[in-house]
Amino acid sequence: MDDEQLLTAVAEILWPDHRDLDCRQHGDAPGHICLPISARTDLHSVVETLSSRYGEPFGGADRLPPLPLSGEVDWRYAWPFNNRWVAFGRSGQGEGAGPALMVALRSTPVAEHLPAETSWLERLIAVTGWMPRTAGQVDWAAVESRLGTPLPSDYKALVGVLAYVQRLVRMNVQSK
């Protein structure tokens, strides 16, 4: 499965999100779907491909959510998307080891249940689970000079969270 096929397979499970997550492999419990991945798959490439679409992954034992099959699979990365997780890791040991990819249910926090002092941007991050990829700093003076107007601080904060927007802003300023 090449990168584009991988993204298409994951997207078909994520959208629309009313598809049942009923894995039929090994008698697994419902609430997830395992996707087949070749043992020859380049792990770094899969992480980069998924990160390019779903943002910076949660990674490391202290940042990963509880995921199905955690006893059988060494989950290394997880990307939140709406009410689902896309998780990637390694299953098995020795010669039987191989990459594992899964889409699983994710409980999403309700904005109204967050503390009252939570900013709108913090609420957005909590509800979406978005972990942006680092894309560098935006030269706001250059952007505002080009636009001929100052931008609101909350807009700048939002752009700081949505790192892919930073790349677009930077490219637009540099191309002029």
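Only a predicted model underlies this, so the values are computations on that prediction, with no experimental measurement involved.
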*Asks:* Of the non-hydrogen atoms in Cys34 and Leu69, which two are nearest, and what is the gap between them?
*Replies:*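 In terms of heavy atoms, the two residues are closest at SG-CD1, 3.8 Å.
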
*Asks:* Check whether any side-chain heavy atom of Arg84 sits under 4.5 Å from a side-chain heavy atom of Leu21, and report yes or no.
*Replies:* yes

*Asks:* Tell me, please, which residues at least two apart from Pro150 pass side chain to side chain contact (heavy atoms under 4.5 Å, CB included).
*Replies:* Glu144

*Asks:* Answer whether the closest heavy-atom distance between the side chains of Trp75 and Met102 falls below 4.5 Å.
*Replies:*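 Yes, their side chains come closer than 4.5 Å.
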
*Asks:* Can you name the nearest heavy-atom pair linking Thr41 to Ser38, along with the distance?
*Replies:*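 Minimum heavy-atom separation between Thr41 and Ser38: OG1-O, 2.7 Å.
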
*Asks:* Mind checking whether Val73 and Leu67 have side chains closer than 4.5 Å, heavy atoms only?
*Replies:* no

*Asks:* Does Leu121 form a side-chain contact (heavy atoms from CB on, under 4.5 Å) with Asp154? I'd like the steps, not just the answer.
*Replies:* CA-CA 8 Å; Leu121 185 55; Asp154 59 346; over 6 Å; no

*Asks:* What are the two closest non-hydrogen atoms of Ala116 and Arg123, and how far apart are they?
*Replies:*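 That closest heavy-atom pairing would be O-NH2, 3.7 Å.
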
*Asks:* Would you call the rings of Phe88 and Tyr77 parallel, tilted or perpendicular, where under 30° means parallel and over 60° means perpendicular?
*Replies:*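 Rings of Phe88 and Tyr77: parallel, under 30°.
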
*Asks:* Is a side-chain N or O of Ser145 found less than 3.5 angstrom from the main chain of Ala141, in a donor-acceptor match?
*Replies:*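 Checked: no pair found.
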
*Asks:* If you compare all heavy atoms of Asp22 against all heavy atoms of Ile33, which two are closest, and at what distance to 0.1 Å?
*Replies:* N-CG1, 3.7 Å

*Asks:* Within the structure provided, determine whether Val10 and Phe81 are in side-chain contact (heavy-atom separation under 4.5 Å).
*Replies:* no

*Asks:* Which atom names give the shortest non-hydrogen contact between Ser51 and Pro57, and what distance separates them?
*Replies:*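 Shortest heavy-atom separation between Ser51 and Pro57 comes out as OG-CD, 3.5 Å.
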
*Asks:* What's the spacing between Ser45 OG and Glu48 CD if we round to 0.5 Å?
*Replies:* 8.0 Å

*Asks:* Check the pair Leu35 / Leu6 against side-chain contact (heavy atoms from CB on, under 4.5 Å), numbers first and verdict last.
*Replies:* CA-CA 9 Å; Leu35 296 165; Leu6 174 73; 5.5 Å; no

*Asks:* Check the pair Leu43 / Arg90 against side-chain contact (heavy atoms from CB on, under 4.5 Å), numbers first and verdict last.
*Replies:* CA-CA 9 Å; Leu43 304 181; Arg90 298 210 38 91; 3.5 Å; yes

*Asks:* Check whether any side-chain heavy atom of Leu158 sits under 4.5 Å from a side-chain heavy atom of Trp120, and report yes or no.
*Replies:* yes

